[in-house]
Novice: 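Structure below; questions to follow.
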Amino acid sequence: MRYVMFAVLAVMAMPLQAQPVDQGLTDQLCRAAGQDSALGVLVDQLIEEGRMPLKSGEELLSLPCGGNQTLLSRVVDQHQAENLEYAVIDMGLSLKRSHVMLQGQDLPLGQAMQRLAEQGDGETRAFVSDYLDSLADEDFNPNLRLSLK
């Protein structure tokens, strides 16, 4: 998993030519967001094939998935913890410093997740609460140890 994280971060750090994400690729990413553990596999495959036009995890989570949903809202609504972990931890995002688009607003990631929890049912609120607690735990989120040094 560490190898994948470093590979993703290295690719994301490389200067890429701005490329729009075509609808077919967006549809694939949105479908993967709602399937168990599928998002990381797809993103890693796209990176290996040189077909990943997104430069950051923020762009990935902000992708529009139709019906006023973003990739982040799809992951949260469908309680896809491993996909969320991939997008947040493996892509090196911060709940406070990383910003995503949600319902036309640019929000810090943690605030966007809290907003999705407020709009969701009891299961979604519990999912987001548990996940936000986990992301604040150094044992769960190794990025915290790196950012504290």
Side-chain angles (χ1 to χ4, degrees), residues 1-121 123-132 134-135 140-144 146-147:
M1 188 60 143
R2 286 180 188 253
Y3 172 74
V4 171
M5 181 172 86
F6 290 119
V8 168
L9 291 174
V11 169
M12 296 292 189
M14 292 172 35
L16 296 174
Q17 204 171 37
Q19 303 174 27
V21 181
D22 70 52
Q23 190 58 49
L25 184 56
T26 297
D27 292 344
Q28 277 185 289
L29 289 164
C30 289
R31 269 193 309 279
Q35 299 171 352
D36 289 339
S37 306
L39 185 62
V41 172
L42 178 59
V43 171
D44 289 345
Q45 177 186 348
L46 294 171
I47 289 170
E48 283 181 29
E49 294 171 358
R51 296 178 42 220
M52 186 62 179
L54 304 173
K55 297 182 204 173
S56 68
E58 290 98 331
E59 288 181 32
L60 177 66
L61 290 175
S62 297
L63 277 177
C65 289
N68 204 27
Q69 267 200 327
T70 60
L71 193 130
L72 173 63
S73 61
R74 172 129 339 144
V75 168
V76 169
D77 290 348
Q78 296 188 13
H79 310 158
Q80 293 295 325
E82 287 187 34
N83 289 337
L84 191 55
E85 287 171 32
Y86 178 84
V88 175
I89 295 174
D90 291 358
M91 295 186 121
L93 299 183
S94 163
L95 292 174
K96 293 180 182 176
R97 291 185 305 267
S98 300
H99 284 248
V100 295
M101 292 301 293
L102 183 68
Q103 299 166 339
Q105 290 185 293
D106 183 282
L107 299 169
L109 177 57
Q111 187 178 346
M113 289 178 63
Q114 288 173 333
R115 185 167 295 171
L116 289 168
E118 291 166 3
Q119 297 169 355
D121 59 17
E123 284 183 54
T124 299
R125 285 189 293 279
F127 172 78
V128 171
S129 177
D130 290 345
Y131 201 79
L132 290 174
S134 294
L135 285 174
F140 182 82
N141 185 353
N143 293 335
L144 293 175
L146 295 174
S147 66

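What you see is a predicted model, and the numbers here were worked out from it, not measured in a lab. Along the sequence shown, residues carry numbers from 1.
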Novice: Which disulfide bond (SG atoms under 2.5 Å apart) pairs, counting each pair once, include a residue from residues 38-72, with sequence neighbours left out?
Specialist: C30-C65

Novice: So do the side chains of V43 and D90 get within less than 4.5 Å of each other, counting heavy atoms only?
Specialist: no

Novice: Could you walk me through whether L93 and V100 pass the side-chain contact (heavy atoms from CB on, under 4.5 Å) check?
Specialist: CA-CA 10 Å; L93 299 183; V100 295; 5.6 Å; no

Novice: Sequence neighbours left out, what passes side chain to side chain donor-acceptor pair (under 3.5 Å) with D130? Give chain and number order.
Specialist: none

Novice: Has the side chain of N83 got a donor or acceptor atom that lies under 3.5 Å from a matching backbone atom of V75?
Specialist: no

Novice: Does anything in residues 41-83 pair up under ring pair (Phe, Tyr, Trp, His ring centres under 6.0 Å), and if so which pairs, sequence neighbours excluded?
Specialist: H79-F127

Novice: List for me each residue that meets side chain to side chain donor-acceptor pair (under 3.5 Å) alongside T26, sequence neighbours excluded, and say none if there are none.
Specialist: none

Novice: Taking only residues at least two apart or on different chains, which pairs with a member in residues 32-71 satisfy ring pair (Phe, Tyr, Trp, His ring centres under 6.0 Å)?
Specialist: none

Novice: Please lay out, stage by stage, how V76 and Y131 fare under the test side-chain contact (heavy atoms from CB on, under 4.5 Å).
Specialist: CA-CA 10 Å; V76 169; Y131 201 79; over 6 Å; no

Novice: Apply side-chain contact (heavy atoms from CB on, under 4.5 Å) to the pair L63 and L54, showing each step before the final yes or no.
Specialist: CA-CA 10 Å; L63 277 177; L54 304 173; 3.9 Å; yes

Novice: What side-chain hydrogen bond (donor to acceptor under 3.5 Å, both in side chains) pairs are there with at least one residue in residues 107-116, not counting sequence neighbours?
Specialist: Q105-R115

Novice: How many angstroms lie between OG in S129 and CZ in R125, if you round to the nearest 0.5 Å?
Specialist: 11.0 Å

Novice: Holding to salt bridge (Lys or Arg N to Asp or Glu O under 4.0 Å), I want the full list of residues that pass it with E49, two or more places apart in sequence or in another chain.
Specialist: R51

Novice: Can you tell me how far apart CG (L71) and OG (S62) are? Round to the nearest 0.5 Å.
Specialist: 9.0 Å

Novice: Tell me, please, which residues at least two apart from D106 pass side chain to side chain contact (heavy atoms under 4.5 Å, CB included).
Specialist: H99, M101

Novice: Mind checking side chain to side chain contact (heavy atoms under 4.5 Å, CB included) for E118 and listing every partner two or more places apart, or none if nothing turns up?
Specialist: none

Novice: Suppose we screen for side chain to side chain contact (heavy atoms under 4.5 Å, CB included). Which residues come up paired with A126, at least two apart in sequence or across chains?
Specialist: none

Novice: Quick one: does S98's side chain get under 4.5 Å of E58's, heavy atoms only?
Specialist: yes

Novice: Could you pull out all residues at least two apart from Q103 that satisfy side chain to side chain donor-acceptor pair (under 3.5 Å)?
Specialist: Q119

Novice: Determine whether Q80 and L39 make a side-chain contact, defined as any pair of heavy atoms from C-beta on separated by less than 4.5 Å.
Specialist: no

Novice: Should Q28 and R31 be marked as a side-chain contact (heavy atoms from CB on, under 4.5 Å) after you check the CA-CA gap, both sets of side-chain angles, and the distance that decides it?
Specialist: CA-CA 5 Å; Q28 277 185 289; R31 269 193 309 279; 3.6 Å; yes

Novice: If you round to the nearest 0.5 Å, how far is CE of M113 from CG of L84?
Specialist: 4.5 Å

Novice: At what distance, to the nearest 0.5 angstrom, does OG1 of T124 lie from CG of L116?
Specialist: 9.0 Å

Novice: Measuring from atom CG of L42 to atom CG of L25, what distance do you get when rounded to the nearest 0.5 angstrom?
Specialist: 7.0 Å

Novice: Could you pull out all residues at least two apart from T70 that satisfy side chain to side chain contact (heavy atoms under 4.5 Å, CB included)?
Specialist: L72, S73, L102

